[in-house]
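Right, one structure below, let's go through it.
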Amino acid sequence: MENSVLRQQIEAIREEIKENSKLLESSKHVYEQRKVFLDNKNGKISALMKEMKNIAAEDRAEYGKNVNELKQWALEQFDELDKKMKEKELKARYEREKQDVTEPPKMRYQGNLHPVTQMRETLIDIFEGMGFEIYEGTEIENDYYNFTALNTPADHPARDMQDTFYLSPEFLLRTQTSSGQIHVMENKKPPIKILSPGKVFRSDDDATHSPMFSQMEGLVVDKNVTLCDLKGALETFAQKIFGEGTTTRLRPSYFPFTEPSVEVDCSCFACGGKGCNLCKGTGWIEVLGAGVVNKKVLENCGIDSEEYSGFAFGIGIERATMLKYGINNIKLLYESDLDVLKQIDHYE
Ligand code: PHE
């Protein structure tokens with residue numbers, strides 16, 4: 001082959017490398033291109049080397065020198081490109097993985113106590129502040145503590161006020177935390193000041209009732225305890241739960257274990273007493289049942305009703321929660337829907 005043709009071939013490869021190099025975008029491309037030209041077996045420059053044996057003896061030395069030069073040049077070319085690409089890639093990676101240490105942290109949802117638990121703890125806080133102690137009874141009770149000792153004997157019509165789940169003729173799921181009153185009075189002499197929170201059960205199920213719900217019983221027994229003490233304690237409670245301007249009123253009612261018995265209404269905290277949807281236009285909201293402990297109940301527990309008197313109250317914890325947060329269906333409190341539950345955070 002003519003010398004000049006050989007030189008043209010070499011130059012053509014040099015041009016090809018130059019042209020191709022312009023299109024390379026990554027170190028991976030560079031690696032692939034390097035193989036196209038320099039791979040020992042199939043590389044284009046290696047192919048030129050293999051031509052050596054076909055070259056006229058007198059041209060061989062020059063040809064060899066030119067090819068080697070091209071190979072050397074190509075090696076440097078690719079090394080340089082490789083270095084450039086790797087630098088560019090590293091920079092891009094730094095950019096991509098950059099952390100702004102001055103950026104404020106992303107807020108993560110922390111979780112909160114269930115609204116009913118929050119209300120229960122708030123109530124406990126309030127009454128503990130007034131000197132009440134906690135007594136937690138059992139959910140399974142016998143008929144005596146849930147009814148008979150509370151002045152509700154077997155044939156008493158007031159048993160119909162609470163649809164009871166009986167486990168046997170003797171045992172039942174307590175329908176009220178009032179059963180705790182009897183346990184406490186049987187075991188402790190006055191002065192007594194207890195709070196008894198817990199689950200209660202009634203065969204009742206609609207938008208505002210559930211077969212299981214929670215109550216908080218309060219009981220005070222001492223010398224000279226009157227309805228005024230009850231009103232004072234409950235007014236403090238109402239103001240702490242529903243706001244400072246809240247007032248209470250007592251409405252006559254009936255419970256077998258209190259005499260007199262009252263329903264305690266709070267002035268509507270949504271409208272301030274003017275009348276709105278929440279209070280059904282009356283300006284008052286019924287919050288709990290209470291009364292002066294019936295003498296018969298004191299006597300049932302061996303407490304002298306001439307010397308001592310007391311008051312008791314029972315708050316529905318779900319009811320208080322629903323009122324405070326404007327929840328109209330008790331089921332929302334039991335469905336574990338986080339979108340609902342996380343909106344209510346008293347401790348925020
Ligand atoms: N135990 C009553 C109820 O569940 C509430 C109550 C408690 C009433 C204490 C008076 C005194 O309806």
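Counting starts at 1 for both ligands and their atoms, following the listed order. Computed from a predicted structure; not experimentally measured.
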Protein N/O near ligand 1 N/O, under 3.5 Å, which pairs?
{"unit_1": "ligand 1", "atom_1": "1 (N)", "unit_2": "Q176", "atom_2": "OE1", "d": "2.9"}
{"unit_1": "ligand 1", "atom_1": "1 (N)", "unit_2": "S178", "atom_2": "OG", "d": "2.9"}
{"unit_1": "ligand 1", "atom_1": "4 (O)", "unit_2": "R202", "atom_2": "NH2", "d": "2.7"}
{"unit_1": "ligand 1", "atom_1": "4 (O)", "unit_2": "Q215", "atom_2": "NE2", "d": "2.8"}

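- Defined by atom type and a distance below 3.5 Å, a donor-acceptor pair is missing between the side-chain atoms of K41 and S46.
- Closest heavy-atom contact between D206 and K331: O-NZ, 2.9 Å.
- Among residues two or more places apart in sequence or in another chain, the side-chain contact (heavy atoms from CB on, under 4.5 Å) test is passed with Q239 by E235, T246.
- Contact check on R319 versus E286 returns no salt bridge, with no Lys/Arg side-chain nitrogen under 4.0 Å from an Asp/Glu carboxylate oxygen.
- For E217, the side-chain hydrogen bond (donor to acceptor under 3.5 Å, both in side chains) criterion is met by T177, S178, Q181, not counting sequence neighbours.
- Every side-chain contact (heavy atoms from CB on, under 4.5 Å) that L167 has, sequence neighbours left out, goes to I140, F171, L173.
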